K.L.:
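Encoded as C-alpha cells, here's the structure I'll be asking about.
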Amino acid sequence: MIGVPGERGPYHAGMSTFYVTTPIYYVNDRPHIGHCYTTCVADVAARFARLMGLETYFLTGTDEHADKVIAKAVENRLTEQQWVDQCAGEFVRAFALLGFSQDVFYRTSDPQHKALAQRYIKKLLDQGDVYLGDYVGWYDPSQDEYLTETLAKEHHYVSPVTGKSLEKRTEKNYFFRLSKYQDALAAHIAGHEEFILPLARRNEVLGRLKDGLQDVPVSRALKAGESTWGVLMPGDPSHRVYVWIEALCNYLTAVDTAGKRHLWPAAVHLMAKDILWFHAVIWPAMLMALGQGQPKTVYAHAYWVREGRKMSKSLGNFVDIDVIQQYVGAFGADALRYYLITQGPQGVSDADFSHGRFIETYNAELANGIGNATSRVGNMIDKYFGGRVPEHGGVGVLAGLEQFDWPVLTATAVRSAIAKFGEMDLAGATNEGIALVRKVDAYINATEPFKIAKKLEAEPGLKDRLGAILYHCAEALRVATLLLTPAMPVKMGQLQRTWNCVPAGGVTLSQLADWHGPHALVPGQGLTKGEVLFMRADPGAAWPPVAG
Ligand code: ME8
C-alpha cells in the first residue's frame with residue numbers, strides 16, 4: 001500500500017492508452033520462472049487495462065546483441081541471426097505455454113529497432129549529448145558491463161554476479177552526458193511519487209542520485225575482424241553501440257511509427273530490482289535528451305528464489321521451461337499464473353517458489369475456492385431450477401440476510417480491484433476476486449441452501465427463497481470471475497461459457513460488473529453446471545510427476 005498523496009501508480013482515470021513493457025530478455029539463457037513472472041505480471045496488467053477499456057499495448061521480447069551472443073553463435077556453428085532466432089523461439093514457446101497476450105514480441109535484431117536506435121544516438125551526437133572521450137573502467141566480461149570504481153572495489157574487483165575477475169580497460173569511447181541530467185532527474189522523481197515503485201525502491205534511487213551522476217559510456221570499439229553484430233555508432237562504424245543503451249531504446253523504437261506513436265509515453269516499465277537503475281535513471285535521462293515524455297511508472301519487483309535458495313546456474317535449481325511445462329501439464333496454465341501473481345515477489349520481498357506452497361494455494365483458493373463455489377452453485381441451480389437462472393426474489397424473500405448487501409459488496413470489490421490495478425498491485429487486484437468467492441462461501445454457510453432444498457417437498461413456499469439465494473450466489477460469482485479473468489483467462493472463460501455470461505466485447509469492467517446493469521445474470525437464462533474447474537491436488541503425490 002502506498003501511503004503518500006498524489007498519483008499512486010501508472011493508471012489514472014481519464015487516460016486512454018496503456019503501454020506496458022517487460023524487459024527484453026537476453027537470449028542466451030533459457031526462459032525461466034523469473035522471465036515468465038515479469039511477463040505474467042505484464043500480461044495480467046494488460047488484461048486489466050483492456051477490461052478498463054484502455055487502448056492497450058503489451059510489449060515483451062528479447063535483447064539479442066550482447067557479446068555473448070556472438071560467442072555462442074560461433075560455438076554452435078551458427079550465424080548470429082540463426083542463433084538468436086533459435087533462442088528467441090524458446091521464449092516465444094514459454095510465453096505461449098502460459099497464455100501471455102503480448103501485442104508484440106519485439107526483438108532487437110528487428111531492422112526497425114536497429115534503424116531507429118541509430119537515429120536516436122545520432123540525434124544525441126549531433127546535439128552534443130553523446131561525445132567521444134577516454135574511458136578507464138572495470139569491465140565485467142561475463143555481464144558485458146562496466147562497473148564503477150566504487151562498485152568494483154566493493155566487490156574486490158571480481159564480478160558481483162559470477163565471481164570472475166574484472167578487467168581494467170582503457171578505451172576511446174563515446175559517452176552519454178548523464179551528469180547533465182542529474183538535477184532534472186532528481187526533480188522528476190521528487191515530483192512524481194508514482195514514477196518509481198515500490199516506494200522503497202524510489203528512496204534507494206534518490207539516495208544513489210545524491211552521490212552524483214557520471215557520464216556513461218555508450219559504445220565499444222570493435223577489434224579488427226570482430227563481428228559487427230549489433231548497432232554501429234552512427235558515423236563511426238569502428239564502434240558498436242553498447243548493448244544496454246541500444247536495448248533500452250527498444251521501448252520507444254517499438255512504437256515510434258506513424259500508427260503507434262500515440263502510445264508513448266509508456267504507462268509502465270516492469271522489471272526486477274537488478275535493472276532498476278538502467279530504467280529509472282539512464283533511460284529517463286536519455287528520454288529527456290531526446291525530448292520524449294517519461295514513462296509514468298517504472299516498477300521493480302523482487303526475486304523468485306527456489307525452496308529458500310537463490311536460483312543460479314551453478315546450483316542448477318532454476319524453475320526453467322521444462323519445470324514450467326510440468327506444472328502447466330499437471331495443473332493448467334491458469335493455476336501457475338495464479339500462483340505467480342498472488343504469491344510472487346511484487347513489492348520488495350523475495351518470494352519462494354516452493355512446490356508445497358503451490359499445492360497449498362492451489363487447493364485452498366482454486367480447487368476449494370472458486371472451483372468449489374461455482375460447482376456447488378451450478379449444481380444446485382441445475383438440480384432445483386432445471387439449469388435456469390432463478391428469480392432474484394422480491395421484497396422480503398431474503399429477510400434476515402440484509403448484512404449481505406451484494407450490489408454494494410460487489411461494487412466495492414470492483415472499485416478496490418481497479419484501484420489496486422492502478423498501483424500495479426496485481427496480487428491485490430486478483431485477491432479481490434478471491435475475497436468475493438469467500439464471501440459467497442460465508443453466505444452459503446449462513447443461508448444453508450442445501451437444507452432449504454431438503455425442506456422443499458414439505459414447504460414448497462421456500463422455493464422462492466432458495467432461488468433468490470442461489471441467484472445472489474451466482475451473480476456474485478459472475479462478478480468474481482471478471483476480477484479473476486486477467487489472472488486466469490482460460491478457466492474463467494470456460495466458466496463464463498457454461499454459465500452463459502461471456503463478457504461482451506468493448507464493455508468496461510465497471511459496466512460488466514454492475515449488479516443492476518444489462519450484463520447481470522438474467523432469470524430464466526440457461527446456466528449449465530459444467531466441468532470441474534480445478535481438480536483437487538493430492539499434497540502427498542510424487543513431484544515431479546514420473547514420466548510414462
Ligand atoms: O537484464 N526473479 O535481461 P535478463 C524474478 N537484457 N525475476 C527475474 C529473476 C528472478 N529470479 N531472474 C530474472 C536483461 N528475472 C536485459 C534487459 S531491458 C532494456 C534489457 C527477470 O534476461 C526480471 O524481469 O537478464 C529481470 O529484471 C529480468 O528477468 C532480467 O532479464
Side-chain angles (χ1 to χ4, degrees), residues 20-43 45 59-69 72 84 87-88 90-91 94-95 100 106-110 113 117 120 140 142-145 159-162 201 218 230-231 241-254 266 268-284 286-287 295 298-313 315 317-321 323-324 339-341 343-353 424:
V20 49
T21 70
T22 72
I24 45 169
Y25 305 107
Y26 286 131
V27 280
N28 274 7
D29 276 342
R30 291 192 80 207
H32 62 65
I33 207 72
H35 310 126
C36 291
Y37 175 65
T38 315
T39 317
C40 190
V41 173
D43 186 63
L59 172 144
T60 190
T62 39
D63 181 354
E64 305 187 341
H65 290 144
D67 279 350
K68 280 180 281 187
V69 165
K72 275 284 178 184
V84 295
C87 299
E90 286 276 279
F91 279 87
F95 294 171
F100 296 153
Y106 200 51
R107 302 175 52 191
T108 54
S109 58
D110 186 318
H113 167 76
Y120 303 159
D140 179 351
S142 59
Q143 297 305 299
D144 200 15
E145 67 185 19
S159 162
V161 183
T162 60
R201 298 273 173 242
V218 294
V231 171
V241 177
Y242 175 41
V243 66
W244 253 110
I245 296 300
E246 174 239 307
L248 285 165
C249 293
N250 93 89
Y251 302 126
L252 188 58
T253 67
V268 57
H269 291 320
L270 293 163
M271 76 226 62
K273 56 191 173 183
D274 52 343
I275 54 176
L276 175 62
W277 185 254
F278 286 99
H279 287 82
V281 173
I282 296 176
W283 176 231
M286 286 171 69
L287 287 168
V298 172
Y299 187 104
H301 59 72
Y303 288 142
W304 277 102
V305 296
R306 188 167 193 196
E307 309 282 353
R309 305 179 77 184
K310 187 178 186 310
M311 289 192 286
S312 75
K313 278 214 176 102
L315 288 173
N317 64 346
F318 273 108
V319 178
D320 64 13
I321 184 169
V323 181
I324 292 167
Y339 179 69
L340 291 180
I341 284 297
Q343 305 295 315
Q346 273 218 305
V348 288
S349 312
D350 290 346
D352 195 10
F353 192 99
M424 285 296 98

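First listed ligand is number 1; within each ligand, the first listed atom is number 1. These numbers come from the heavy atoms of this one structure, side chains and all, not from hydrogens, waters or symmetry mates. As the structure is a prediction and not an experimental result, all values here were calculated from the model.
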K.L.:
When you measure from atom 4 (P) of ligand 1 to every protein heavy atom, which one gives the shortest distance, and what is it?
P.N.:
Tyr26 CD1, 3.8 Å

K.L.:
Are Lys273 and Asp350 ion-paired here, with the side-chain N under 4.0 Å from a carboxylate O?
P.N.:
yes

K.L.:
Given side chains that start at C-beta, do those of Pro295 and Thr21 come closer than 4.5 Å, heavy atoms only?
P.N.:
no

K.L.:
Heavy-atom pairs closer than 4.0 Å: do any link ligand 1 to the side chain of Ala302, the backbone, both, or neither?
P.N.:
backbone

K.L.:
Output, in order, the C-alpha distance, side-chain angles, deciding distance and verdict of ring-ring contact (aromatic ring centres under 6.0 Å, His included) for Phe95 and His35.
P.N.:
CA-CA 9 Å; Phe95 294 171; His35 310 126; 7.9 Å; no

K.L.:
Do Thr108 and Glu64 meet the criterion of a side-chain donor-acceptor pair at a distance under 3.5 Å?
P.N.:
no

K.L.:
Does ligand 1 have a heavy atom under 4.0 Å from the side chain of Asp274, from its backbone, from both, or from neither?
P.N.:
side chain

K.L.:
Just jot down the ligand 1 atoms closer than 4.0 angstrom to any heavy atom of His301, in number order.
P.N.:
5 (C), 7 (N)

K.L.:
Above 12 or not: heavy atoms from other molecules or residues under 6.0 Å from NZ of Lys68?
P.N.:
yes

K.L.:
Looking at Thr38, which atoms of ligand 1 are within less than 4.0 Å of one of its heavy atoms?
P.N.:
21 (C), 23 (C), 24 (O)

K.L.:
Going by the order shown, which atoms of ligand 1 are within less than 4.0 Å of some heavy atom of His35?
P.N.:
22 (O), 29 (O)

K.L.:
Can you report which non-hydrogen protein atom sits closest to atom 9 (C) of ligand 1, along with the distance?
P.N.:
Gly34 CA, 3.5 Å

K.L.:
Given the side-chain rings of Tyr251 and Tyr106, with only the six-membered ring counted for Trp, is the space between their centroids under 6.0 Å?
P.N.:
no

K.L.:
Can you check whether Leu248 has an N/O within less than 3.5 Å of an N/O in ligand 1?
P.N.:
no

K.L.:
Does Trp283 come within less than 4.0 Å of ligand 1, judged by its heavy atoms?
P.N.:
no

K.L.:
Starting from atom 13 (C) of ligand 1, find the nearest protein heavy-atom neighbour and note its residue, name and distance.
P.N.:
His32 CE1, 3.6 Å

K.L.:
Where is the nearest protein heavy atom to atom 28 (C) of ligand 1: which residue, which atom, and how far?
P.N.:
Tyr25 CE2, 3.9 Å

K.L.:
Please list, in number order, the atoms of ligand 1 under 4.0 Å from a heavy atom of Asp63.
P.N.:
6 (N), 16 (C), 20 (C)

K.L.:
Name the one of Tyr339, Phe318, Tyr37 that satisfies ring pair (Phe, Tyr, Trp, His ring centres under 6.0 Å) with Phe353?
P.N.:
Tyr339

K.L.:
Tell me whether Pro345 has any N or O atom under 3.5 angstrom from an N or O of ligand 1.
P.N.:
no

K.L.:
Among all the protein's non-hydrogen atoms, which is closest to atom 16 (C) of ligand 1, and how far away is it?
P.N.:
Ile24 O, 3.5 Å

K.L.:
So, do Ile282 and Leu248 sit near enough that their side-chain heavy atoms are less than 4.5 Å apart?
P.N.:
yes

K.L.:
Under a plain distance cut-off of 3.5 Å, with no hydrogens placed, do His301 and Thr38 share a side-chain donor-acceptor pair?
P.N.:
yes

K.L.:
Mark up the atoms of ligand 1 that fall under 4.0 Å of a heavy atom belonging to Ile275, in ascending order.
P.N.:
1 (O), 17 (C), 27 (O)

K.L.:
Can you find a non-hydrogen atom of Lys273 under 4.0 Å from ligand 1?
P.N.:
no

K.L.:
Please could you name the atoms of ligand 1 that Trp304 approaches to less than 4.0 Å, counting only its heavy atoms?
P.N.:
2 (N), 5 (C), 10 (C), 11 (N)

K.L.:
For the pair Trp244 and Tyr26, name the ring-plane relationship: parallel under 30°, tilted 30 to 60°, perpendicular over 60°.
P.N.:
perpendicular

K.L.:
Please could you name the atoms of ligand 1 that Met311 approaches to less than 4.0 Å, counting only its heavy atoms?
P.N.:
11 (N)

K.L.:
Which residue and non-hydrogen atom of the protein lie closest to atom 19 (C) of ligand 1, and at what distance in Å?
P.N.:
Tyr251 OH, 3.5 Å

K.L.:
Side-chain contact, heavy-atom cut-off 4.5 Å: Phe91 with Thr39?
P.N.:
no

K.L.:
State yes or no: are the ring centers of His269 and Tyr299 separated by less than 6.0 Å?
P.N.:
no

K.L.:
Report yes or no: does Phe278 have a heavy atom closer than 4.0 Å to ligand 1?
P.N.:
no

